[in-house]
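Keep in mind that what you see is a predicted model, and the values were worked out from it rather than measured.
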Amino acid sequence: FKYQGDHAVLCVRIKNAAVAVTKTARIHLFQAQEWQKLQNSIQDHSCTEKFSKAQLTMTVNHTEQNLTVSQIPYPETWYVFYVDKFTCEENYSESEDIQFEMVLLNPDAEGNPLDHFSAGESGLHEFFFLLVLAYFITACIYAQSLWQTIKKRGPMHTVLKVLTIALLLQAGSAFANYLHFSSYSRDGIGAPFMGSLAELCDIVSQIQMLYLLLSLCMGWTIGRMKKSHGRPLQWDSTPTSTGIAVVVVVTQSFLLIWEQFEDTNHHSYHSHHGLASGLLIGLRVCLALSLAAGLYQIITVERSMLKREFYITFAKACILWFLCHPCLATISVIFREYQREKIITIGVILCQCISMVILYRLFLSHSLYWEVSSLSSVTLPLTVSSGHKNRHHF
């Protein structure tokens, strides 16, 4: 738990105080750095010596007790240990267990110890509230016109459908996170199911966006390589593009699920200390570079200024989507530990929202939209047959 400010509190409630007194029960608090020093020390400290070096100690001998943690210069992680006279003994007979409840509280804005959030999580509740509010307002303004555009089944019909589903999943993830943090702010436990649901929605959204962006880029690249002028394509489905997209999607899915098992805390963007997280960052960097290289080849040979601008804007959205996470994870290293998760979480969500806005504006843009989709039926992997081209009005 990351304490911050003055007058932070550790509250311990036990049901059988008499047993706690008999067992000489105590609570020991160590600052994370000090505990790590003891663990990594060359000297072979005994169990008793280690616990004797605790920064704070509280004897548990009442039904409810509070320990104030004050004079903290900056938020830092504290380890809390339960210790009794049997803890350091190798051989001891089993005795009656002590049932206890532990509540760790930080001071709120008014200085009262009522905040259940650790310093690394403070502010996320408010952020997700504002994010859900922004999604709601945006939906009220644009949902009807977007739905009408999708119903017209224009050249980017499938793209808009997939992009909208991904956006709805992102919004669902934000709403589930808000419900989880709202519950956590009241009882310090939260709603684990909602936290897991938020992560699931985010994973599915990431996979869907990966397949969308990769399939579009591969469709344009393969279409130019073949220079074929056959029937218009609803979605690029050549064995090469489909195979590449499926392999990359399966790889990212495996790494995302692996990352969830490495870090079981309920947040979508994890601290990057595990192997799965490192591989996931490497994959996103490789995807950004490969897509940028493919789009660069298309842009350099493209003669139409409008189409060139279309590809450049699409490339910016792709690079922002894939590189925001690795870049923010790298930048967060210069900040203190308690700030890193918030920087990554808030930064990635905002960057991916901006990327989606860029893609929506690109595909819904009137003049550029029609210019790019009508110049070549194979340049874009998602078009409609010529019999439907004259039926759409904006």
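- Side-chain atoms of Asn177 do not come within 3.5 Å of backbone N or O of Ala198 as any donor-acceptor pair.
- A side-chain donor-acceptor contact under 3.5 Å links Ser182 and His125.
- A distance of 11.0 Å separates CZ in Phe310 from CD1 in Ile299, rounded to the nearest 0.5 Å.
- In this structure, Ser290 contributes its side chain and Leu287 its backbone to a donor-acceptor pair below 3.5 Å.
- Of all non-hydrogen atoms in Pro75 and Gln4, the two that sit nearest each other are CG-CB, 3.6 Å.
- The neighbour count for Gln39 CD, taken as heavy atoms of other residues, nucleotides or ligands under 6.0 Å away, is above 12.
- Hydrophobic clustering (side-chain heavy atoms under 4.5 Å, transitive across Ile, Leu, Val, Met, Phe, Trp, Tyr) keeps Leu200 apart from Met194.
- Judged purely by atom type and a 3.5 angstrom limit, Lys53 has no side-chain atom pairing as donor or acceptor with the backbone of Phe30.
- When all heavy atoms of Val333 and Arg340 are compared, the pair lying nearest together is O-NH2, 3.4 Å.
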- Message: Quick one, Tyr142 with Thr149, criterion side chain to side chain contact (heavy atoms under 4.5 Å, CB included). Give me CA distance, side-chain angles, the key distance, then yes/no.
- Response: CA-CA 11 Å; Tyr142 296 106; Thr149 302; over 6 Å; no
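- Follow the hydrophobic side-chain contacts under 4.5 Å out from Tyr79 and you never reach Val9; the two are in separate clusters.
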Give the table of side-chain donor-acceptor pairs shorter than 3.5 Å for residues 55-64, with sequence neighbours excluded, one pair per line with atom names and distance.
residue: Gln55; atom: OE1; partner: Gln31; partner atom: N; Å: 2.8

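- Residues passing the ring pair (Phe, Tyr, Trp, His ring centres under 6.0 Å) test with Phe136: none are found, sequence neighbours excluded.
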- Take Leu275 and Trp258 through the test side chain to side chain contact (heavy atoms under 4.5 Å, CB included) and record every step on the way to the result. CA-CA 9 Å; Leu275 177 60; Trp258 184 7; 3.5 Å; yes
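- Taking hydrophobic clusters as Ile, Leu, Val, Met, Phe, Trp and Tyr residues chained together by side-chain heavy-atom distances below 4.5 Å, Phe117 shares a cluster with Ile346.
- In this structure a side-chain-to-backbone donor-acceptor pair under 3.5 Å is present from Lys342 to Ala119.
- Scanning all heavy atoms of the two residues, the minimum distance from Met356 to Ser205 falls at CE-OG, 4.4 Å.
- Although no hydrogens or angles enter the test, the distance criterion places no donor-acceptor pair under 3.5 Å between the side chain of Asp187 and the main chain of His116.
- Remark: Phe51 CZ to Leu38 CG distance equals 10.0 Å, nearest 0.5 Å.
- Judged by distance alone, with hydrogens and angles left aside, the side-chain atoms of Ser173 form no donor-acceptor pair with the main-chain N or O of Leu169 at under 3.5 Å.
- Atom CG of Leu213 sits about 11.0 Å away from atom CD of Gln208, to the nearest 0.5 Å.
- Listed here is the closest heavy atom pair of Leu131 and Cys353: CD1-SG, 4.5 Å.
- The shortest side-chain heavy-atom distance between Met102 and Ile27 falls under the 4.5 Å cut-off.
- Without hydrogens or angle criteria, Ser118 side chain to Glu121 main chain gives no donor-acceptor distance under 3.5 Å.
- Once rounded to the nearest 0.5 Å, the distance linking OH of Tyr82 with CZ of Arg26 reads 9.0 Å.
- Distance check: Arg336 CZ to Thr77 OG1 gives 12.0 Å after rounding to the nearest 0.5 Å.
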- Would Thr313 and Arg361 count as a side chain to side chain contact (heavy atoms under 4.5 Å, CB included) if you check the C-alpha gap in whole Å, the side-chain angles of each, and the deciding distance to 0.1 Å? CA-CA 10 Å; Thr313 305; Arg361 292 188 62 184; over 6 Å; no
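- Rounding to the nearest 0.5 angstrom, the gap separating the CG atom in Leu359 from the CD1 atom in Ile354 is 12.0 Å.
- Both Leu167 and Leu364 are part of a single hydrophobic cluster, where members link through side-chain heavy atoms under 4.5 Å apart.
- Hydrophobic cluster membership is shared by Phe363 and Leu210, with clusters built from Ile, Leu, Val, Met, Phe, Trp and Tyr side chains linked at under 4.5 angstrom.
- Between the Ser355 side chain and the Ala317 main chain, a donor and an acceptor come within less than 3.5 Å of each other.
- Between the side chains of Tyr360 and Thr164, at least one donor-acceptor pair of N or O atoms lies under 3.5 Å.
- In this structure the side chain of Tyr178 reaches within 4.5 angstrom of the side chain of Phe129, judged on heavy atoms.
- Under 3.5 Å, the side chains of Gln352 and Gln170 contain a donor-acceptor pair of N or O atoms.
- Under the side-chain contact (heavy atoms from CB on, under 4.5 Å) criterion, Lys161 pairs with Ile150, His157, sequence neighbours left out.
- For the residue pair Thr87/Asp84, the side-chain donor-acceptor check at 3.5 Å is satisfied.
- Closest approach of His28 and Ala54 over heavy atoms only: ND1-CB, 3.6 Å.
- Exactly one residue among Leu133, Leu179, Ile349 makes a side chain to side chain contact (heavy atoms under 4.5 Å, CB included) with Phe128. That residue is Ile349.
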- Should Glu76 and Gln33 be marked as a side-chain hydrogen bond (donor to acceptor under 3.5 Å, both in side chains) after you check the CA-CA gap, both sets of side-chain angles, and the distance that decides it? CA-CA 9 Å; Glu76 57 183 336; Gln33 294 181 349; 5.6 Å; no
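- Cysteines Cys47 and Cys88 place their SG atoms closer than 2.5 Å to one another.
- Minimum heavy-atom separation, Val348 to Leu328: N-CD1, 3.3 Å.
- Formation of a donor-acceptor pair under 3.5 Å by the Ser183 side chain with backbone atoms of His180 is not found in this model.
- Within 6.0 Å of atom NZ in Lys50, more than 12 heavy atoms from other residues, nucleotides or ligands are found, so the atom counts as buried in its surroundings.
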- Message: As a quick check of understanding, evaluate side chain to side chain contact (heavy atoms under 4.5 Å, CB included) for Leu67 and Leu29, giving each step before the final call.
- Response: CA-CA 10 Å; Leu67 175 65; Leu29 280 78; 3.7 Å; yes
